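What you are looking at is a predicted structure, and each value in this text was computed from that prediction instead of being measured.
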Amino acid sequence: QFIRLAGSDAGLRNEMGMALIGHPGASSIFDQVSGQEDNAFALIHQARGLFGHEPAVARDLAWQAARKLSAEIRRHSAPFNAGDLFSWSPGEVVSVLLDLGLPEGALELVEACLEARPADVQLLDKAGHILERLGKIERAIQMARIVVALAPQEPAWRRTLALRWGQSGR
């Protein structure tokens, strides 16, 4: 039954309509949820398409969708735990929000995800980059310190921490 669901046109979805295992032809989460107008992912995808000719409308739509998605994550602690999700990462949506000039929305989404996955070094690093972009260097340093503590074997994390310390004047 699992193979049949994963191979269907819709893929496997949870009770929130989130794609757990997408169709093999779907290249991104946005492709996996096409046709679902009320889905936060679909709204962010729509905003990305509008941005070229209606940037203000696109930002507003994406901001609303990001808040909706963050609320769902906080309410259900899903879909970001390993038992529920196989093919989706918040990085794709966060990147779109940043491209649309919405770092606050991206940070809100990442922070919601971190509530469900507090030891995810990729999410912590993404939060640090967003905080740095927002000029909140002390909080960005805090994120980098946590990442280094969780993954001390990775030199890239230590370089990020050193660069942020340099920016702070420490």
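- If you take CE on M143 and CG on D125, they are separated by 10.5 Å, rounding to the nearest 0.5 Å.
- Pairing each heavy atom of A140 with each of G128, the nearest pair is CB-O, 3.4 Å.
- Hydrophobic clustering (side-chain heavy atoms under 4.5 Å, transitive across Ile, Leu, Val, Met, Phe, Trp, Tyr) groups I141 together with L134.
- Looking only at side-chain heavy atoms (C-beta outward), R59 and P55 come within less than 4.5 Å of each other.
- Side-chain atoms of L109 and I73, non-hydrogen and from C-beta on, do get closer than 4.5 Å to each other.
- Between G105 and A66, the shortest heavy-atom distance links the atoms O-CB, 4.2 Å.
- Checked by atom type and distance alone, the side chain of R133 pairs as donor or acceptor with a backbone atom of L98 at under 3.5 Å.
- Heavy-atom minimum distance, P118 versus L124: O-CD1, 3.6 Å.
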Between L61 and Q46, is a side chain to side chain contact (heavy atoms under 4.5 Å, CB included) present by the stated rule, with each step listed? CA-CA 8 Å; L61 183 62; Q46 185 179 13; 3.8 Å; yes

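- In terms of heavy-atom proximity, L123 sits nearest to V110 at O-CG1, 3.5 Å.
- Here the straight-line distance linking atom CH2 of W165 with atom OG1 of T160 works out to 12.0 Å at 0.5 Å rounding.
- With rounding to the nearest 0.5 angstrom, the CG atom of D60 is 11.5 Å from the CG atom of L100.
- Transitive grouping of hydrophobic side chains (ILVMFWY, heavy atoms separated by less than 4.5 Å) keeps L163 and L161 in distinct clusters.
- For the side chain to side chain donor-acceptor pair (under 3.5 Å) condition, the pairs that include at least one residue of residues 96-113, sequence neighbours left out, are E111-R139.
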Can you check side chain to side chain contact (heavy atoms under 4.5 Å, CB included) on H129 and R164, steps first, answer last? CA-CA 10 Å; H129 284 288; R164 289 187 185 145; 3.5 Å; yes

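- Put simply, CG on L107 and CG on L97 are 11.0 Å apart, with the number rounded to the nearest 0.5 Å.
- Residues I130 and V94 have side chains in contact (heavy-atom distance under 4.5 Å, counting atoms from C-beta outward).
- The shortest distance between side-chain heavy atoms of Q153 and R158 does not fall below 4.5 Å.
- Expressed to the nearest 0.5 Å, how far CG of L114 lies from NZ of K126 amounts to 12.0 Å.
- For the atom pair L69 CG and C113 SG, the distance stands at 7.0 Å (nearest 0.5 Å).
- Residues W157 and V121 approach most closely at CZ2-CG2, 4.2 Å, considering heavy atoms.
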